[in-house]
Amino acid sequence: MTPERQGRPPDPLDTETVEAIFEITQLLVVVLDRDARIRRFNPACERTTGYRADEMLGQTVWKLVPDDERDSVEFVFHELVETGRANLHENDWLAKDGERRCIAWTNTAILDDDGEIDQVIGTGIDVTDLRASEARARTSDTRLGGILHSAMDAIVSIDEEQRIMLFNPAAERMFGWRPDEILGRPIDDLIPARFRDLHRDHVERFAASGRTSRRMNQLGEVWGLRADGEEFPIEASISQVSSEDGTLLTVIARDMSERRDLEEQLRQTRELAAIATLVAGIAHDIGTPMNVILGYTDMLAGSIEGEKNRERLAIIRAQVERVTRLIGTLMNFARPGEELARSARVEDILERALGLIGETARKRGITITRDFAPAAPLLCQPERLERAFLDLFVNGCDAMQEKGGTLGVTTRDRAEGIEIEIADTGMGIPPDVLRRIFEPFYTTKPRGQGSGLGLLVTRGIVAEHGGTIHVKSEPGVGTSFTIRFPGEGVGADGARRTDDAQGGAGRPSDPSAAP
């Protein structure tokens, strides 16, 4: 509405038209004088407040304004009366029954014949239900945000073109992407290349099926891809919600790596328990005849004639010794704790094990580098740890036996204990083999050169000391084993750093140096 101006000729239709609008409009219309007393109170105001117009005429509007909002409403009213500038304001009105109704007002000044502000007309819309809906939506958004941020599982939403639209903190931790890096990109970036076509087809068929949710693992194993290229197994479910803006599909994923590792360790533990029981029962029966054979082999060696016969006898002895060594390896499972634990420095144990493969490394053109950080002594069984380290060193040298390379041994003092890394620059291990290297009797070495128990024994020894062992490998680049033992403190010594380069010493450590 525009202010009435002095000198404007009256229109007889104006009064009738305004009165009709005043009575039938669904908008709240209230007219106030300069003292905020109510002069008009239309039917919409009556329906909203429960007051009749004859009850409110002559009353100040403050009767309808809650005490906690009166100051702000008075400020808006007086500013309008003083300046004449129309304004918008939102405040509650108190109904007759005490209910608060939220009204959105448009307020305008009305001028008298002298051009002075005479009255104020307010036109309002009851937005109580709208504001309640908005509040519920905000609460819902807040709750949803809390759920998304606190969820332990990764939650990833994609649109109909399979672009990532939502990526919660658990997804950040699981996949290694920040939201600003991944949002808007295709879901393919989170899936290994060999599974992408199958996954895209599965999602498209699910979206077309009309089903609201399903487990994705029903069609077989599901794998994820981290930002650093690591593949890992996941358990996932998918759901969809359709709206005017299209269909939004949400995947909830759980990293199954640790669970599968535990399941695999449990399976292997059971197998080892069976092996230990078997070995304990037959070791004596096998060991005794082996000793007898060795004894008679030694006796024959002094009396047998002919070079060919002596070569055959040497073969017999070598094979008997191999069986004896295998029995000894298996007996480590049956009685792993015979050595007494004592305090020892990990770097000393590593040095002893390195000394045993030094000559082999030199002949194969392998450079050994050491980078030892100061660390507190470890309560351990030194001879068993030495054996575990030696097995890793031997495997590393075997991986570099054709072209040489570098075997790097590094220790780090961490807040949670001691970390040891043993890395080679050998041929690396393919992913399908890497998953099986700790399985009993699994070996890729030629028949007769490996029992398939070395790494299994190594992991068992590490576990006995409360440690963990992890392996990473890339074909053509090399392999690294990381062992972590719990421990406390830092040793008083400074770091030691020495090198053996084909028998040399005292040269700067360079893991990438050529042999």
Side-chain angles (χ1 to χ4, degrees), residues 1-139 244:
M1 297 180 65
T2 59
E4 293 289 347
R5 296 293 180 182
Q6 185 177 15
R8 179 178 176 181
D11 185 342
L13 293 178
D14 283 350
T15 301
E16 295 177 5
T17 301
V18 169
E19 286 295 332
I21 294 173
F22 184 84
E23 291 295 326
I24 67 174
T25 182
Q26 298 299 310
L27 301 175
L28 286 77
V29 182
V30 61
V31 179
L32 310 177
D33 64 17
R34 292 177 62 91
D35 296 323
R37 287 190 296 269
I38 298 173
R39 296 306 183 190
R40 299 294 299 269
F41 198 74
N42 80 332
C45 290
E46 292 180 316
R47 290 190 296 271
T48 298
T49 65
Y51 288 107
R52 299 189 312 275
D54 59 5
E55 293 179 278
M56 297 306 299
L57 293 179
Q59 301 278 350
T60 64
V61 76
W62 313 130
K63 180 176 180 178
L64 299 173
V65 179
D67 291 341
D68 59 335
E69 294 192 4
R70 179 163 175 171
D71 288 345
S72 63
V73 177
E74 282 189 350
F75 177 82
V76 171
F77 176 78
H78 290 305
E79 183 182 44
L80 176 59
V81 170
E82 292 172 3
T83 66
R85 289 195 297 268
N87 60 46
L88 303 175
H89 186 66
E90 189 172 299
N91 62 269
D92 284 353
W93 260 13
L94 282 174
K96 193 172 185 178
D97 62 4
E99 181 185 9
R100 294 176 72 128
R101 305 296 298 180
C102 184
I103 314 297
W105 294 103
T106 300
N107 301 308
T108 307
I110 302 175
L111 306 181
D112 60 17
D113 292 340
D114 296 326
E116 299 294 331
I117 296 174
D118 180 44
Q119 295 179 330
V120 171
I121 181 169
T123 305
I125 301 173
D126 188 341
V127 294
T128 306
D129 295 338
L130 175 61
R131 296 296 179 258
S133 297
E134 291 174 347
R136 286 194 296 271
R138 286 193 297 270
T139 300
E244 295 178 355

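This structure is a prediction, so every number in the text was calculated from the model and none was measured.
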Minimum heavy-atom distance between [X] and [Y], given as atom pair plus value:
X: Asp112; Y: Asp114; value: OD1-N, 2.9 Å
X: Gly124; Y: Ile103; value: CA-CG2, 3.8 Å
X: Ile121; Y: Val31; value: CG1-CG2, 4.1 Å
X: Ser72; Y: His89; value: OG-NE2, 4.3 Å
X: Pro66; Y: Asp92; value: CD-O, 3.2 Å
X: Thr106; Y: Leu88; value: OG1-CD2, 3.3 Å

Can you list everything that forms a side-chain contact (heavy atoms from CB on, under 4.5 Å) with [X]? Sequence neighbours excluded, please.
X: Ala86; result: Thr108
X: Asp71; result: none
X: Asp129; result: Arg101
X: Asn87; result: Val76, Leu80, Asn107

Hey, what do you get for [atom1] ([X]) to [atom2] ([Y]), rounding to the nearest 0.5 Å?
X: Thr49; Y: Leu28; atom1: OG1; atom2: CG; value: 8.0 Å
X: Cys102; Y: Asn91; atom1: SG; atom2: CG; value: 7.5 Å
X: Asp33; Y: Arg39; atom1: CG; atom2: CZ; value: 4.5 Å
X: Asn42; Y: Gln26; atom1: CG; atom2: CD; value: 9.5 Å
X: Arg40; Y: Ile38; atom1: CZ; atom2: CD1; value: 12.5 Å

| said: Quick test of your reading: applying salt bridge (Lys or Arg N to Asp or Glu O under 4.0 Å), list the pairs with at least one residue in residues 78-91, sequence neighbours left out, ordered by first then second residue. | reply: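 Sorted result for residues 78-91: Glu90-Arg131.
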
| According to the salt bridge (Lys or Arg N to Asp or Glu O under 4.0 Å) rule, which pairs have a member within residues 44-61, sequence neighbours left out? |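 Passing the test, one end in residues 44-61: Arg52-Asp54, Arg52-Glu55, Glu55-Lys96.
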
Tell me every residue that passes salt bridge (charged side-chain N to carboxylate O under 4.0 Å, His left out) with [X], counting only those two or more places apart in sequence or in another chain.
X: Asp118; answer: none
X: Arg70; answer: Glu74
X: Asp68; answer: Arg100
X: Asp97; answer: none

| request: Please list all pairs passing the ring-ring contact (aromatic ring centres under 6.0 Å, His included) test where one or both residues lie in residues 26-58, with sequence neighbours left out. | output: none

| message | Once ring-ring contact (aromatic ring centres under 6.0 Å, His included) is applied, what residue pairs with a partner in residues 101-130 remain, sequence neighbours excluded? | response |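 Matches after skipping sequence neighbours: Trp93-Trp105.
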
| message | I'd like to know whether Trp62 forms a side-chain contact (heavy atoms from CB on, under 4.5 Å) with Val73, so could you lay out the CA-CA distance, the side-chain angles of the two residues, the decisive distance to 0.1 Å, and finally the verdict. | response | CA-CA 9 Å; Trp62 313 130; Val73 177; 3.6 Å; yes

| request: Check whether any side-chain heavy atom of Arg34 lies under 4.5 Å from a side-chain heavy atom of Gln119, and answer yes or no. | output: no

| request: Please tell me if the side chains of Leu94 and Val65 come closer than 4.5 Å, counting only heavy atoms from C-beta onward. | output: no

| Is there a side-chain contact (heavy atoms from CB on, under 4.5 Å) between Asp35 and Thr60 once you walk through the steps? | CA-CA 8 Å; Asp35 296 323; Thr60 64; over 6 Å; no

